[in-house]
Structures are given as structure tokens and as C-alpha cells.
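Just so it is clear: chains get the letters A, B, ... in the order the sequence lines come, proteins before strands, and each one is counted from 1.
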Amino acid sequence: MEDIFEYCLKKIYVLMLAEYGHQGWWPLLKLSQSPLKKSWKDGYHPGDYSYPRDEFQTFEIWVGAVLTQNTSWTHAQKALENLDRLDLLLAEKLASVKPEHLSGAIRCSGYFNQKSRRLKRLAEFFLALRSQKPTRRELLKLKGIGQETADSILLYAHHRPYFVVDAYTIRIVNRVFGLDLKKYDDVADLFYQAYLSEGFENRVRIFNEYHALLVRHAKQFCSRSPRCPTCFLRFLCRHG
DNA sequence: AACCAGGACGTGA
DNA sequence: TCACGTCATGGT
């Protein structure tokens with residue numbers, strides 16, 4: 001008996017990769033400002049999974065993961081640039097500054113009161129780890145770190161095989177399979193099952209690319225008002 | 001001028 | 001468990 005979910009999810013991955021190419025997540029400030037990258041469609045460091053390359057980039061991903069909560073990456077990136085300009089993208093600095101001082105820099109990413117307080121606590125935790133990897137349980141105990149943010153940090157900052165489920169992922173999965181899943185774990189489990197037989201490193205690479213591709217596809221075709229007629233996944237999607 | 005963007009959390013039923 | 005209100009700015 002064939003697993004229809006496994007078959008479709010694997011096929012979708014291959015097709016999206018062929019269509020869009022490597023997305024080069026996670027977007028890092030230094031690489032996003034490169035002249036090679038003219039728009040979000042160009043990718044960041046496509047096919048290169050060696051990032052983050054130091055503790056500073058690791059922490060940058062942690063902060064970015066919080067800043068982008070319920071906000072476009074454009075605005076989160078602007079907030080990151082503001083922090084960087086103020087030399088606050090360092091855990092030591094961020095942990096010691098007053099939250100009110102952060103609010104100005106990150107205002108453009110929304111929820112600046114909550115986020116500035118939560119970023120401080122996050123920085124403190126980052127320092128307490130002393131270069132060790134966090135566990136999912138530890139991250140989830142922090143205020144403001146939910147499942148998606150935790151998994152983003154674990155996958156993109158620490159190369160651990162967690163699948164990141166966001167609003168885009170849920171929308172695409174529900175449309176493709178004609179479902180109405182709402183729970184994070186229900187959606188994530190589909191992907192874990194599909195790639196159960198893959199090795200650790202392969203899962204890290206695939207989950208990294210898969211999530212980035214889903215974001216790309218949700219923006220380009222599977223938006224709130226989907227562009228089904230021209231979608232290249234139409235033939236295997238219940239919605240189209 | 002609503003509506004939404006790479007969520008998380010607290011609350012009451 | 002689940003649906004809903006809240007937090008907040010900026011682009012379309």
C-alpha cells in the first residue's frame with residue numbers, strides 16, 4: 001500500500017526545486033545586502049547549507065525568527081538592520097539594554113513592546129547556553145517562542161531536523177490534499193512521515209529547502225487568492 | 001480603506 | 001481541546 005502523502009509531498013518537493021531552484025535560506029543580513037541579490041526571488045546563499053558560520057550569525061537567526069513573527073520578512077529585515085546599525089545584534093548587548101531602547105529599532109516589525117521584552121530574555125538564554133545547542137523543550141519554555149519559531153531556530157540556526165510549519169505550509173497542504181488541518185503537529189507529521197527513511201543530514205537539508213520553497217510557492221501561486229490556472233502543481237492538487 | 005504579513009499567548013466555553 | 005481576542009506596524 002502506497003502512502004499518498006509521502007508520494008505527493010516528495011513529488012511536490014522535486015517539482016518546486018526544479019521550478020524555483022535552491023532558495024538559500026536562512027536569509028542573513030550580510031548576504032541579503034549583496035549586489036547579486038536584486039529581489040527576494042534571487043535567493044540568499046542558494047545550495048550552500050554551511051550557514052550560520054559563526055556565533056553572530058547564529059544569534060542573528062534567533063533574533064530574526066522572533067522579529068518575523070506575523071510580519072513580512074521585509075519588515076523584520078529592516079528591524080534587524082536597525083539593530084545591527086546600533087550594534088545591538090550581539091547577545092551580550094541585547095541582554096543588557098533596556099527593552100524601551102529596543103522598541104524604537106524594531107517598531108517596524110510590529111508588536112514591538114512584546115518583542116523587545118522577549119528578545120531580551122532570548123538573548124539571556126542564548127548566553128546561558130554558552131555555545132551549546134538548545135533543545136526544543138528549552139526554547140518552548142521561553143515567552144514568545146512557539147513551535148514555529150522554535151523549529152526555525154533549531155533547523156536554520158542549528159541544523160537539527162525539525163520541519164517548520166507556518167501559515168503558508170498549512171494553506172498549501174490543506175489545498176493540495178483537500179483537508180482542513182489546523183494543528184501544527186498534524187501538518188508537521190506529514191512531512192516527518194514522508195522523509196522517515198532519510199538520514200539525519202539529508203533531512204536537515206531537505207527540511208531547510210522544503211520550507212523555503214513552500215514560502216516561495218505560497219507567494220507566487222498559492223496565495224490567499226490562488227493562481228491555480230497557471231500553477232505547475234495543479235495536476236496533483238485537489239484545489240485546482 | 002480594509003486586509004494581510006514566514007505567530008504566540010491568554011481566556012472562556 | 002478549541003475558537004477567539006490581543007498585541008502593532010507598514011504595504012497593497
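Taking 4.5 Å as the limit, some side-chain heavy atom of A:Leu127 sits within range of a side-chain heavy atom of A:Glu92. Two residues are said to be in side-chain contact when any heavy atoms from C-beta on lie closer than 4.5 Å; A:Asp151 and A:Tyr184 meet this criterion. Taking the side chain as every heavy atom from C-beta outward, A:Leu17 and A:Glu209 approach each other to under 4.5 Å.
Between the CZ atom of A:Arg117 and the C1' atom of B:dG7 there is a distance of 16 Å, given to the nearest Å. Distance A:Arg224 CZ to B:dA2 C1': 13 Å, rounded to the nearest Å. What separates CZ of A:Arg171 from C1' of B:dA5 is a distance of 10 Å, to the nearest Å.
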Check nucleotides 9-13 of chain B for protein N or O atoms closer than 3.5 Å to its own N or O atoms and list the pairs.
unit_1	atom_1	unit_2	atom_2	d
B:dC9	OP1	A:Leu142	O	3.4
B:dC9	OP1	A:Gly144	N	2.6

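A distance below 6.0 Å separates the ring centres of A:Phe177 and A:Phe5.
Rounded to the nearest Å, the gap between the P atom of B:dA1 and that of C:dA8 is 24 Å. Annotation: C:dC2 and B:dA5 have their P atoms spaced 23 Å apart (nearest Å).
A donor-acceptor contact closer than 3.5 angstrom is absent between the side chains of A:Tyr49 and A:Asn208.
Remark: A:Ala76 pairs with A:Leu67, A:Thr68, A:Trp73 by the side-chain contact (heavy atoms from CB on, under 4.5 Å) rule, at least two apart or across chains.
Distance check: A:Arg136 CZ to A:Tyr162 OH gives 6.5 Å after rounding to the nearest 0.5 Å. Taking CD of A:Gln57 as the start and NZ of A:Lys30 as the end, the distance is 5.5 Å to the nearest 0.5 Å.
If you check every strand for non-hydrogen atoms under 4.0 Å, A:Thr149 touches sugar and phosphate atoms only. Nucleic acid contact class of A:Tyr111 (heavy atoms, under 4.0 Å, all strands): base.
A nucleotide of DNA chain C counts as in contact with chain A when one of its atoms lies under 4.0 Å from a heavy atom; the first and last such, 5' to 3', are C:dC2 to C:dG11.
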